[in-house]
Amino acid sequence: MILTDFLVQSAVGLYCVYGDFYLDPKIPVKVAVISHAHGDHAIGGNAQVYCTKATALFMKHRYRDNAAGQFFLKDFQESFTIKEVKVTFIPAGHILGSAQVLMTYKGVNYLYTGDYKLQADPTCKPFEFVKADVLITETTFADPNTQHPLPAEEIVKLMTTTSNIMLGAYVLGKSQRLIHLISQYCPEKRVLVHHSVLPFLRIYEQEGVTFGKYELFDKRILNANVNIVYIVPPMVYNSNIKTMNVLKVFASGWKDLQRTNQIQLYVSDHADWKDILLTIVNVKPAQVWTTHGSGEALKTHFGDSLIVKSLN
């Protein structure tokens, strides 16, 4: 029997009542199960953290001594128990180390996706479908009007100019994916990276991910050459609105973030509408619980054929 109170949303985050732990808590807690290392899912200061090795490495870099009181590192497909709940990490395809969290209690499977994508991405393990009675899915782009284009078709837009490009991207996940894409589809481009991106690149390489050529940013290189892509975090990108002699491009699935860009680059690390529907088809849940976005479009789409409820 599906327990409607198996997960309870609070200001702290999603609380698993029967395991006495939080999924991706927003403030430090005693026991946290972390799906991936982005800052809106992985904060420092938790007493105990269950996560993958890569997630722990990213958290230790970002939060240093405050990363966690104690880490419990788990491989994908390795089951472990917290109280009476069996937990298994399944690849989520979002960034390196990202995991879906499969929770089994009294014979019922509850699958929390965390953030995920189905698009191919050689910089992390691909998303894996598993059967579950309840699918707890992110709904960042759960809109029938949203369909992410193929990244290979987007990244070649950078080849339409030899002007230098300032490319805004998140330092973890998106930057690494972009470097790999540029190396594969825009080999004439010379990639420079902001110093904040470099430690995350090193962790990726430590974990066996290979990239094409990239260099640490040097203003002299940017000023004296063309065909350069300079990858910077959002804060640097936004603080250089009036930067001259570079085209401004920001890689994102959000249309609102593309309007002022000189090249629109729709590269997203989240599932779009069709991918969410495909995930539901493959997981075959009896119920879908939504989080991290609106689930209203899914409720409308399925009507009475599938129970869809929001945890927000």
Side-chain angles (χ1 to χ4, degrees), residues 24 26-28 34-45 54-55 57-67 94-98 115 117 121 123-124 138 140-141 151 154-155 157-158 163-182 189-205 211 214-223 228-270 292-293:
D24 298 342
K26 298 177 176 63
I27 63 174
I34 304 296
S35 66
H36 67 285
H38 278 150
D40 58 337
H41 289 257
I43 63 166
T55 295
L57 290 172
F58 294 137
M59 292 180 68
K60 288 176 180 178
H61 165 70
R62 180 167 278 160
Y63 302 120
R64 306 297 178 179
D65 292 340
N66 194 45
H94 181 56
I95 65 171
L96 184 65
S98 62
D115 289 345
K117 70 174 181 291
D121 178 0
T123 66
C124 63
E138 64 133 317
T140 306
F141 290 103
E154 288 296 290
I155 203 68
K157 291 179 179 178
L158 301 183
S163 297
N164 291 336
I165 294 169
M166 177 177 285
L167 177 54
Y170 300 118
V171 296
L172 173 56
K174 185 66 66 67
S175 292
Q176 291 74 30
R177 188 183 185 196
L178 289 171
I179 293 171
H180 193 280
L181 285 168
I182 292 168
K189 297 294 184 184
R190 186 175 179 182
V191 177
L192 305 183
V193 299
H194 189 266
H195 65 83
S196 63
V197 177
L198 196 60
F200 295 104
L201 279 165
R202 295 288 188 252
I203 293 172
Y204 267 74
E205 291 170 332
F211 303 95
Y214 63 85
E215 306 165 62
L216 186 62
F217 171 73
D218 185 323
K219 189 173 183 179
R220 293 168 297 180
I221 297 175
L222 188 66
N223 290 339
I228 287 175
V229 178
Y230 174 32
I231 298 178
V232 302
M235 185 176 295
V236 174
Y237 182 87
N238 292 329
S239 68
N240 282 275
I241 297 299
K242 297 182 180 180
T243 299
M244 302 299 291
N245 301 321
V246 294
L247 296 180
K248 300 291 292 294
V249 182
F250 195 89
S252 174
W254 291 107
K255 291 183 179 179
D256 289 348
L257 296 179
Q258 300 290 352
R259 289 174 180 167
T260 60
N261 297 339
Q262 290 160 292
I263 298 175
Q264 295 186 336
L265 192 66
Y266 288 96
V267 178
S268 175
D269 292 325
H270 292 265
H292 294 292

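Bear in mind the structure is a predicted one, so any value in this text is a computation, not a measurement. Computation of the quantities below employed the complete heavy-atom set of this structure, encompassing side-chain atoms and omitting hydrogens, waters and symmetry-equivalent molecules.
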Pair Ile165-Tyr230, side-chain contact (heavy atoms from CB on, under 4.5 Å): steps then yes or no: CA-CA 6 Å; Ile165 294 169; Tyr230 174 32; over 6 Å; no
Decide side-chain contact (heavy atoms from CB on, under 4.5 Å) for Leu192 and Leu216; before the verdict, give the C-alpha distance in whole Å, the side-chain angles of both, and the deciding distance to 0.1 Å. CA-CA 5 Å; Leu192 305 183; Leu216 186 62; over 6 Å; no
Steps toward side-chain contact (heavy atoms from CB on, under 4.5 Å) verdict (Phe200, Val193): CA-CA 11 Å; Phe200 295 104; Val193 299; over 6 Å; no
Show the numbers, then the answer: is there a side-chain contact (heavy atoms from CB on, under 4.5 Å) between Leu265 and Leu167? CA-CA 9 Å; Leu265 192 66; Leu167 177 54; 3.8 Å; yes
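The main-chain N or O of Val171 is found under 3.5 Å from a side-chain atom of Gln176 such that the two form a donor-acceptor pair. Without hydrogens or angle criteria, Asn164 side chain to Val229 main chain gives no donor-acceptor distance under 3.5 Å. When atom types are taken as modelled, the side chain of Ser175 and the backbone of Leu172 share no donor-acceptor pair closer than 3.5 angstrom. Of the possible donor and acceptor atoms, one in the side chain of Lys157 sits under 3.5 Å from a partner among the backbone N and O of Gln264. Here the side chain of Lys248 pairs no donor or acceptor atom with the backbone of Thr260 at under 3.5 angstrom.
Under the rule for a ring-ring contact (aromatic ring centres under 6.0 Å, His included), the partners of His292 that lie at least two apart in sequence or sit in another chain are His41. For the side chain to side chain donor-acceptor pair (under 3.5 Å) test, residues two or more places apart in sequence or in another chain that qualify with Tyr214 are Arg202, Glu205. Residues satisfying the salt bridge (Lys or Arg N to Asp or Glu O under 4.0 Å) test with Lys255, not counting sequence neighbours, are none. The ring-ring contact (aromatic ring centres under 6.0 Å, His included) search around His195 returns none, not counting sequence neighbours. Judged as a ring-ring contact (aromatic ring centres under 6.0 Å, His included), and not counting sequence neighbours, Tyr266 has no contacts. For Pro199, the side chain to side chain contact (heavy atoms under 4.5 Å, CB included) partners two or more places apart in sequence, or in a different chain, are His61. By the salt bridge (Lys or Arg N to Asp or Glu O under 4.0 Å) test, Arg190 is found to be paired with Glu215, residues two or more places apart in sequence or in another chain being considered. Taking Asp256 as the reference, Arg259 meet the side chain to side chain donor-acceptor pair (under 3.5 Å) condition, with sequence neighbours excluded. When the ring-ring contact (aromatic ring centres under 6.0 Å, His included) test is applied to Phe250, the partners found at least two apart in sequence or on another chain are Tyr237. Looking at residues two or more places apart in sequence or on another chain, you find a side chain to side chain contact (heavy atoms under 4.5 Å, CB included) between Thr123 and Asp121, Arg177, His180, Tyr204, Val209, Phe211. When the side chain to side chain donor-acceptor pair (under 3.5 Å) test is applied to Gln258, the partners found at least two apart in sequence or on another chain are Asn261. For the side chain to side chain donor-acceptor pair (under 3.5 Å) test, residues two or more places apart in sequence or in another chain that qualify with Thr55 are Thr52.
Between the side chains of His94 and His38, at least one donor-acceptor pair of N or O atoms lies under 3.5 Å. A donor atom on one side chain and an acceptor atom on the other are not found under 3.5 Å apart for His270 and Ser268.
Among all heavy-atom pairs drawn from Ile231 and Val197, the shortest one is O-CG2, 4.4 Å. Lys117 and Cys124 get closest at one heavy-atom pair: NZ-SG, 4.1 Å. Of all the heavy atoms in Ile95 and Gly173, the pair that sits closest is CG2-CA, 3.5 Å. The two residues Ala42 and Ala37 come nearest to each other via the heavy atoms CB-CA, 3.8 Å. For Val191 against Ile179, the heavy-atom pair with the smallest separation is CG1-CG1, 4.2 Å. Across Lys174 and Ala169, no two heavy atoms sit closer than the pair CG-CB, 3.8 Å.
In this structure, Asp65 places its CG atom where only 12 or fewer heavy-atom neighbours from other residues, nucleotides or ligands lie under 6.0 Å away.
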